[in-house]
2 protein chains.
Amino acid sequence: MTEKNQEKHKARQQKVKENVDQKVAQANIEQGIFQVITGNGKGKSTSGFGTVARCVGHGMKAAVVQFIKGNWECGERNLLEKAGVPFAVMKTGFTWETQNRETDTQAAQATWLHAKEWLKDESIDLILLDELTYMVSYDYLDLDEVIEAIENRPKMQSVIITGRGAHRRLTELADTVSEVKNIKHAFEAGVKAQKGFDF
Amino acid sequence: MTEKNQEKHKARQQKVKENVDQKVAQANIEQGIFQVITGNGKGKSTSGFGTVARCVGHGMKAAVVQFIKGNWECGERNLLEKAGVPFAVMKTGFTWETQNRETDTQAAQATWLHAKEWLKDESIDLILLDELTYMVSYDYLDLDEVIEAIENRPKMQSVIITGRGAHRRLTELADTVSEVKNIKHAFEAGVKAQKGFDF
């Protein structure tokens, strides 16, 4: 690279740095973050579990409530439970496998009780409410109750909700919302779900 | 719920189940998956690390190459290194902090050597190439070389590349592509990056 180009690159990067530094200086509110990860793409729950791993890696306390995916063998659960993360898991599996609204509702509400308890517990830094969006869409959980519990949680506690089709009231309340869009998926090309990658 | 509604719900769920079952039956190719997680939203790297946690949780072998984020304290690294995951980390921090194209290029290429080695190693089930997209955008790495290494990797090895603005040739080659869109971010509302959540 010529010296002139090097100078140009340096100037550009300097500007980026100033911009970032300024933004960082302005961001001075200390609080737990409520994040919603929604959309039809792969990586929503996985991202939630990644944040749990991050939290635990700092010696902080995280808890996981899993709606829906109860019947799958789950690699991240093996690792995180060993690292001391409590899991509350809805045991009925995917709802289209049970196909019984009454029992699904009961299971969802029983699972929600753990979430409610943890959402009052100051000692927990992060709660992952995995796949909760479907419980709201299917009316298995009362949205008002979910919102109230999240709003009244300890100030420094962070909460992540994952799942497609997050209700608008959830995304409105959230501090951070990411939408994971499916551009393409190996499954659609006939690739079988791979252990250690997909589950 | 009335009996009629219960029947309706059951029929709907039955249809969903049939659809899913059929798709699962059709997906019978066994291979490692190349995933690209791109877009401007929060959760790309975190999702990659979540998959690493999943892989390790099954007793399988994963490796992480981190471009860019070398100077941050990183909770997930603490946890995953303890679980036996090797990390190759580019030590220069964010590129807008070093602002030197020559040294950045050298650092990127030195880091890439680890990736290249691991992309030949059959014993590794999953490799996370965290933030690699920027190395291609900045021309720190040769795209042809990256693509060749990924194409020629062991058949059952999965690879994840994260970062904004993934090059089209990477997304074309990928089996699975997710785009994480930023809907909103706590940082923009003045919330400071939180330990255990953001880093």
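Keep in mind that the numbers below use all heavy atoms, side chains included, and drop hydrogens, waters and symmetry copies. Fair warning: this is a prediction, and the values are worked out from it, not measured in the lab. Letters A, B, ... mirror the listed sequences (proteins, then strands); counts begin at 1.
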TODO: Output the option from B:Gly43, B:Ser47, B:Gly50, B:Gly32 having the highest count of non-hydrogen pairs under 4.5 Å with chain A.
DONE: B:Ser47

- [ ] Name the member of A:Ala189, A:Ala83, A:Ala53, A:Gly41 that forms the most heavy-atom pairs with chain B at distances under 4.5 Å.
- [x] A:Ala53

- [ ] Could you look at B:Thr105 and say if it's the side chain, the backbone, both or neither that has a heavy atom under 4.5 Å from chain A?
- [x] neither

TODO: Would you indicate whether the side-chain heavy atoms of B:Ile183 and A:Thr176 approach each other to under 4.5 Å?
DONE: no

Task: Heavy-atom side-chain proximity of B:Phe187 to A:Val24 below 4.5 angstrom - done: yes

- [ ] Mind checking the OG-CG spacing from A:Ser178 to B:Asn40? Nearest 0.5 Å is all I need.
- [x] 8.5 Å

Open item on the list: Under a 3.5 Å cutoff, is there a donor and acceptor pairing between the side chains of A:Gln194 and B:Gln31?
Closed with: no

TODO: Pick whichever of B:Lys23, B:Gln26, B:Glu188, B:Lys15 has the most heavy-atom pairs under 4.5 Å with chain A.
DONE: B:Lys23

Task: Beyond-backbone contact of B:Leu80 with A:Leu79, side-chain heavy atoms, under 4.5 angstrom - done: yes

Task: Contact summary for B:Gly196 and A:Cys55, nearest pair of heavy atoms - done: O-CB, 3.3 Å

Task: Best-contacting candidate, A:Ile33, A:Asn28, A:Asp125, A:Asn19, against chain B by heavy atom pairs under 4.5 angstrom - done: A:Ile33

Open item on the list: For residues B:Leu173 and B:Trp118: do they belong to one hydrophobic cluster (side chain heavy atoms under 4.5 Å, members Ile, Leu, Val, Met, Phe, Trp, Tyr)?
Closed with: yes

- [ ] Side-chain contact test, heavy atoms from C-beta onward, threshold under 4.5 Å: evaluate it for A:Arg77 versus B:Arg54 and give yes or no.
- [x] no

Task: chain A interface, residue from B:Lys184, B:Lys44, B:Lys181 that has the most non-hydrogen pairs under 4.5 Å - done: B:Lys184

Open item on the list: Are there over 12 heavy-atom neighbours, none belonging to B:Glu148, within less than 6.0 Å of that residue's CD?
Closed with: no

Open item on the list: With heavy-atom distances below 4.5 Å as the criterion, would you say the side chains of B:Asn182 and A:Val177 are in contact?
Closed with: no

Open item on the list: Among B:Lys42, B:Glu18, B:Glu76, B:Met60, which residue has the highest count of heavy-atom pairs closer than 4.5 Å to chain A?
Closed with: B:Glu76

TODO: Indicate if B:Val159 and B:Met156 have the same hydrophobic cluster label, given that clusters are the connected sets of ILVMFWY residues with side-chain heavy-atom separations under 4.5 angstrom.
DONE: no

Task: Between NZ on residue A:Lys195 and OG on residue B:Ser158, distance to nearest 0.5 Å - done: 13.5 Å

Task: Considering all heavy atoms, the nearest A:Ile160-B:Phe197 contact - done: CG1-CE1, 3.8 Å

TODO: Spell out, yes or no, whether B:Leu113 and B:Phe67 are grouped together once hydrophobic residues are joined by side-chain heavy atoms under 4.5 Å, including indirect joins.
DONE: no

Open item on the list: Counting only heavy atoms not in A:Glu122 (residues, nucleotides, ligands), do more than 12 fall under 6.0 Å from its CD?
Closed with: no

- [ ] Hey, could you give me the CD/CG distance between A:Gln35 and B:Asp198, rounded to the nearest 0.5 Å?
- [x] 8.5 Å

Open item on the list: Once rounded to the nearest 0.5 Å, what's the spacing between atom NE2 of A:His185 and atom CG of B:Asp175?
Closed with: 10.0 Å

